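Order of the sequence lines sets the chain letters (A, B, ...), proteins ahead of strands, with each chain counted from 1. It should be emphasised that the depicted structure is a prediction, and the values quoted were computed from it without experimental measurement.
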Amino acid sequence: MIKSKLKHIVREAARQAHAQGQLPSDAFPEVEIEEPKNEAHGDFSTNLAMIMAKVQKMPPRKIAEILQAHLQDAADWILKTDIAGPGFINFFIAPGAWGPVLEAIHAANDQYGASTMGQGHKVQVEFVSSNPTGPLHVGHGRGAAVGDSTARILAFSGYDVQREYYINDSGRQIRTLGLSVLLRYRALFGENVDFPDTCYQGDYITDMARAMKDKHGDGLLAQTEDDAVTTCARYAAGLIIEGIRQDLVDFGVSFDQWFSEQSLYDSGRVDACIAALREKQQVYEKDGALWFKSTDFGDEKDRVVVRNNGITTYFASDIAYHQEKFERGFDTVIDVWGADHHGYIPRMKAAVEASGTNPEQFQVILVQLVNLLRSGEPVAMSTRAGEFVTLQDVVKEVGRDAARFLFLTRHYDSTLDFDLEVAKQKSNDNPVYYVQYVHARIASICRKAAIDVTDDETLDAKALATLTTPEDVQLIKQLNRYPDIIAASARFREPHRVTFYLMTLAGAFHSYYNRQRVLTDDPMATKGRLYLVTAVQKVIRNGLALLGVSAPERM
RNA sequence: GCGCCUGUAGCUCAGUUGGAUAGAGCAACGGACUUCUAAUCCGUAGGCCGCAGGUUCGAAUCCUGCCAGGCGUACCA
């Protein structure tokens with residue numbers, strides 16, 4: 001807010017300088033206001049003079065001097081301006097001028113940081129979409145945290161967001177699942193079955209076999225293998241999906257829609273899609289298979305959509321699925337995938353483009369792997385061997401808040417070491433408590449305070465005016481950054497920016513807490529500081545909510 | 001071989017999309033609880049931003065080439 005005012009003031013200064021013939025060109029670039037890292041460089045700065053040097057054909061410092069003359073009396077809250085370095089203009093803001101930041105926070109309350117950036121554009125975020133062949137593991141948890149938080153941040157930033165889970169309930173893996181259950185089922189009746197290692201090994205398979213026995217008795221033994229596999233597959237997939245849904249609910253993640261791959265076949269959508277590809281001559285036959293010409297759209301080789309045995313590939317239904325998504329009117333479709341699927345991106349982009357959609361409307365967030373550790377030692381994980389720590393296990397052991405927060409303490413591009421022992425610790429090593437502690441501490445102050453300022457419609461100007469110490473100003477400046485952080489986080493689809501911001505804000509608060517007393521004998525000063533710390537509390541609560549993490553009143 | 005991601009303090013990672021003297025946490029060392037919660041704070045120390053070129057007023061950031069690690073490279077999903 002202060003930044004946008006400054007932006008306007010600088011632009012106005014440039015305009016005046018041009019009008020008075022001091023600047024030859026009126027081709028002004030967008031004014032950028034940034035915050036210098038070094039305090040000696042003021043509260044804000046602009047590099048406009050440097051950027052304009054080429055167009056104006058003048059040295060940057062000279063331009064800065066011209067601009068500075070027009071900035072002299074632009075606003076009474078600008079204490080002074082400096083020209084420094086190669087041509088930065090630095091602004092020093094009056095310590096008493098930061099009150100509007102707190103007013104904005106209290107007025108907006110849980111909407112502080114929200115924006116209309118998305119202008120109501122329809123965005124779909126599809127995430128997790130784990131195959132219903134087994135429970136979710138830690139890697140899925142990270143995808144869930146990233147996808148869910150991204151969706152929350154986009155919605156907060158004015159996008160019309162829909163969250164979707166794609167269920168791969170068709171194809172060979174599901175057959176394998178059914179077979180796995182059937183074989184265990186037969187074993188329950190004393191059959192000496194040979195259990196291939198291509199089948200799913202986990203105990204949950206045997207559990208489901210027992211359930212089949214309870215439900216059908218020995219009825220499946222009489223069926224053809226094909227029918228029995230189908231029965232088992234349907235039952236198992238349904239049960240697993242239900243488990244996944246419950247795990248995600250326990251993790252604080254919900255979806256607007258669960259989309260079945262099988263439904264694309266049942267409705268004839270996949271066949272229609274392939275027919276359309278033929279129509280547009282985007283496919284050709286070779287070696288008995290049908291190939292999609294993805295190389296026409298930048299992929300490195302063409303891809304099979306119908307195998308020579310007549311069965312469609314996963315890619316075929318995925319083309320149909322993404323066409324269907326865009327037909328639903330989404331301006332942007334975001335898929336959150338595990339990094340091991342990155343080779344799939346070019347062909348999917350190609351398919352989207354071939355369907356006549358601008359490929360930029362299709363975006364993939366590739367989430368890197370999670371290395372699960374316990375006290376620094378890797379925990380063995382192999383889905384096929386059935387040895388893995390499930391997301392449910394992790395949430396049970398370390399808690400939902402810690403798990404979600406830690407999944408978002410890295411850029412999704414970086415692999416993440418997730419140490420169960422560290423995640424459990426209620427100490428310095430665990431940033432989630434560091435942030436939550438701020439919320440609890442402030443709640444405690446409020447309980448102790450004689451007055452309640454949280455319902456104040458308008459803030460007492462006299463109380464605000466007491467907030468002039470360097471510690472006060474520093475903390476307010478930190479709060480002032482929040483909307484920009486959210487905007488960047490939404491623009492780049494990077495939830496970790498919020499996480500890092502919260503850790504920084506928490507640090508600033510703890511530091512403040514140790515230097516300044518909130519509740520004192522001075523009623524005005526106390527009131528002012530209550531305005532300040534409750535604003536911090538609101539921003540912490542607000543940011544944690546975007547991460548799907550709770551803000552406790554006591555710890 | 002080719003493609004994608006990563007390489008920043010002893011360790012784990014940020015770095016406002018090209019800005020000023022590269023930051024934080026942990027670990028190490030030294031301090032602060034008769035105080036609104038010590039799950040906290042203050043201080044010290046720690047750097048060839050993988051290497052080498054290039055682009056410009058200016059590069060951890062952009063381009064090229066190497067080196068190292070991870071992942072991928074199906075008529076699997």
Side-chain angles (χ1 to χ4, degrees), chain A residues 32 34-38 40-41 45 47 50-51 53-54 59-61 84-88 90 129 131 133 168 170-174 176 261 286-291 300-301 303-315 317-318 338-346 366 368-369 371 376 409-417 419 422 425-438 440-449 481 484-485 487-488 491-492 496-497 499-501 503-504 506-507 509-520 526 529-530 533 554-555:
Chain A
E32 297 295 339
E34 45 194 19
E35 292 183 55
K37 295 172 220 165
N38 189 334
H41 296 145
S45 70
N47 60 356
M50 286 138 73
I51 295 175
K54 215 169 278 174
R61 286 193 71 106
F88 288 101
N90 296 331
S129 299
N131 291 338
T133 53
N168 299 121
S170 167
R172 211 188 64 189
Q173 285 193 160
I174 293 295
T176 305
E261 180 189 11
K286 193 182 90 181
D287 304 332
L290 191 69
W291 298 70
E300 60 183 12
K301 56 176 287 198
R303 308 291 174 174
V304 170
V305 285
V306 183
R307 296 194 281 250
N308 63 10
N309 62 7
I311 296 174
T312 52
T313 60
Y314 173 84
F315 183 44
S317 53
D318 230 2
D340 52 341
H341 289 76
H342 73 257
Y344 201 72
I345 296 176
L366 271 188
Q368 289 291 334
L369 309 176
N371 299 313
T409 52
R410 300 268 182 286
H411 188 139
Y412 55 71
D413 255 357
S414 300
T415 54
L416 168 67
D417 290 338
D419 194 307
V422 173
Q425 257 168 42
K426 300 189 171 175
S427 74
N428 270 342
D429 290 335
N430 202 343
V432 61
Y433 299 115
Y434 185 78
V435 174
Q436 286 183 319
Y437 190 43
V438 171
R441 260 189 159 172
I442 295 170
S444 171
I445 294 173
C446 290
R447 282 193 296 271
K448 218 142 240 173
R481 293 189 183 114
D484 285 348
I485 298 291
R491 182 171 307 118
F492 302 116
H496 77 282
R497 288 169 184 264
T499 316
F500 277 93
Y501 169 81
M503 292 192 280
T504 307
F509 173 78
H510 286 311
S511 178
Y512 182 89
Y513 182 90
N514 277 274
R515 283 172 191 268
Q516 301 284 356
R517 221 187 136 72
V518 176
L519 306 178
T520 61
T526 298
R529 294 210 160 144
L530 281 171
V533 299
R554 292 170 203 272
M555 286 173 73

| At under 4.0 Å between heavy atoms, what does A:A488 touch on the DNA or RNA strands: base, sugar-phosphate, or nothing? | nothing
| Between the side-chain atoms of A:H341 and the base atoms of B:G72, is any donor-acceptor pair under 3.5 Å? | no
| request: Go ahead and name the base partner of B:G72; Watson-Crick or wobble counts if both distances stay under 3.5 Å, otherwise write none. | output: B:C2
| query | If you look at every strand shown and take non-hydrogen atoms under 4.0 Å, does A:N47 touch a base, only sugar-phosphate, or nothing? | reply | base
| task | Side chain of A:F88 only, please: which of B:C41, B:U16, B:A20 is the nearest? | result | B:A20
| Among B:A38, B:A77, B:U17, the one nearest A:R441 by side-chain distance | B:A38
| request: Would you kindly give the CE-to-C1' distance between A:M503 and B:C13, to the nearest whole Å? | output: 9 Å
| message | If I pick the P atom on B:C66 and the same atom on B:A20, what distance separates them, to the nearest angstrom? | response | 31 Å
| Think A:K37 has a side-chain N or O under 4.0 angstrom from the OP1 or OP2 of B:U16? | no
| query | Just checking A:N308: base, sugar-phosphate only, or nothing, at a heavy-atom cut-off of under 4.0 Å? | reply | base
| task | Answer yes or no as to whether B:A38 has its base stacked against A:H510, where stacking requires a ring-centre separation under 5.5 angstrom and planes under 30 degrees apart. | result | no
| said: Any base atoms under 4.0 Å from A:S414, or only sugar-phosphate, or nothing? Heavy atoms, all strands. | reply: sugar-phosphate
| message | Regarding A:N430, tell me which of base, sugar-phosphate or nothing describes its non-hydrogen contacts under 4.0 Å with the strands shown. | response | nothing
| request: Check every atom of B:A38, B:A14, B:A77 against the side chain of A:Y513 and return the nucleotide holding the closest atom. | output: B:A38
| query | Taking the side chain as C-beta and beyond, is there a heavy-atom pair between A:Q368 and A:L416 under 4.5 Å? | reply | no
| said: Base, sugar-phosphate or nothing for A:K448? Non-hydrogen atoms, less than 4.0 Å. | reply: sugar-phosphate
| note | Ranking B:U37, B:C36, B:A77 by distance to the side chain of A:Y344, first place goes to B:A77
| message | Classify the ring geometry of A:F315 against A:Y344: parallel below 30°, tilted from 30° to 60°, perpendicular beyond 60°. | response | perpendicular
| task | Any strand is fair game: report the nucleotide pairing with B:A9 by Watson-Crick or G-U wobble, both distances under 3.5 Å, or none. | result | none
| query | Given B:G15, is OP1 or OP2 found less than 4.0 Å from the side-chain N or O atoms of A:H496? | reply | yes
| So which nucleotide does B:G58 pair with, by the Watson-Crick or G-U wobble rule with both distances under 3.5 Å? | none
| N/O donor-acceptor pair, side chain A:D484 with base B:U16, under 3.5 angstrom | no
| query | Contact class for A:S45 (heavy atom, under 4.0 Å): base, sugar-phosphate, or nothing? | reply | base
| query | Mind checking whether A:F509 and A:Y513 have parallel, tilted or perpendicular rings, split at 30° and 60°? | reply | tilted
| said: Which nucleotide wins on minimum distance to the side chain of A:R410, given the candidates B:C75, B:U12, B:A20? | reply: B:U12
| task | Considering just the side-chain nitrogens and oxygens of A:Y434, establish if one lies under 4.0 Å of OP1 or OP2 belonging to B:C41. | result | yes
| Side-chain H-bond candidate by donor/acceptor type, A:T526 with A:T520, under 3.5 Å | yes
| field | Partner nucleotide, any strand, of B:A14 [Watson-Crick/G-U, under 3.5 Å] | value | none
| query | Any side-chain donor paired with an acceptor under 3.5 Å for A:E261 and A:S317? | reply | yes
| field | Nucleotide opposite B:G30 in a Watson-Crick or G-U pair, distances under 3.5 Å | value | B:C42
| Please give, in whole Å, the distance from B:U73 P to A:I345 CD1? | 13 Å
| message | Classify A:D419 by what it touches in the nucleic acid, base, sugar-phosphate, or nothing, heavy-atom distance under 4.0 Å. | response | nothing
| field | Under 3.5 Å on both distances, the Watson-Crick or G-U partner of B:C66 | value | B:G50
| task | Rounded to the nearest angstrom, tell me the gap between atom OH in A:Y412 and atom C1' in B:C13. | result | 17 Å
| field | Heavy-atom side-chain contact between A:L530 and A:L519 under 4.5 Å | value | yes
| task | Measure the shortest side-chain to side-chain distance between A:V438 and A:H510 over non-hydrogen atoms and say whether it is less than 4.5 angstrom. | result | yes
| request: Please check the phosphate of B:C42 (OP1 and OP2 only) for any side-chain N or O of A:S511 closer than 4.0 Å. | output: yes
| request: Taking only the side-chain nitrogens and oxygens of A:Y314, find out if one of them lies under 4.0 Å from OP1 or OP2 of B:A77. | output: no
| request: Enter syn or anti for the glycosidic conformation of B:U73, syn applying to angles within 90° of 0. | output: anti
| said: Using atom C1' in both nucleotides, what's the gap between B:G10 and B:G70 to the nearest angstrom? | reply: 22 Å
| request: Would you indicate which nucleotide in B:A39, B:C5, B:C42 comes nearest to any side-chain atom of A:R515? | output: B:C42
| Integer angstrom distance from the P of B:A9 to that of B:G72 | 27 Å
| said: Given B:C71, B:G3, B:A77, identify the nucleotide with an atom nearest to the side chain of A:E261. | reply: B:A77
| task | Give a yes/no verdict on base stacking between B:A14 and A:F500: centres under 5.5 Å, planes within less than 30° of parallel. | result | no
| If you look at every strand shown and take non-hydrogen atoms under 4.0 Å, does A:E32 touch a base, only sugar-phosphate, or nothing? | nothing
| With respect to the side chain of A:N514, which nucleotide from B:U40, B:U37, B:C57 is positioned closest? | B:U40
| request: Pick the C1' atom in B:G65 and in B:C71, then give their distance to the nearest Å. | output: 23 Å
| Base, sugar-phosphate, or nothing for A:N38, non-hydrogen atoms under 4.0 angstrom? | base
| task | Identify whether any heavy atom of A:A440 sits under 4.0 Å from a base atom; if not, whether one sits that close to sugar-phosphate; answer base, sugar-phosphate or nothing. | result | base
| task | Among B:C13, B:C4, B:A77, find the nucleotide with the atom closest to the side chain of A:T313. | result | B:A77
| Can you check whether A:Y412's main-chain N or O pairs, donor with acceptor, with A:R410's side chain at less than 3.5 Å? | no
| Should A:P86 and A:P60 count as side-chain neighbours, where that means a heavy-atom distance under 4.5 Å? | no
| query | Contact class for A:R172 vs. all strands (heavy atom < 4.0 Å): base, sugar-phosphate, or nothing? | reply | sugar-phosphate
| A:P60 near the nucleic acid: base, sugar-phosphate alone, or nothing, with a heavy-atom cut-off under 4.0 Å? | nothing
| task | Select one nucleotide: of B:A74, B:G19, B:A39, the one nearest the side-chain heavy atoms of A:E34. | result | B:G19
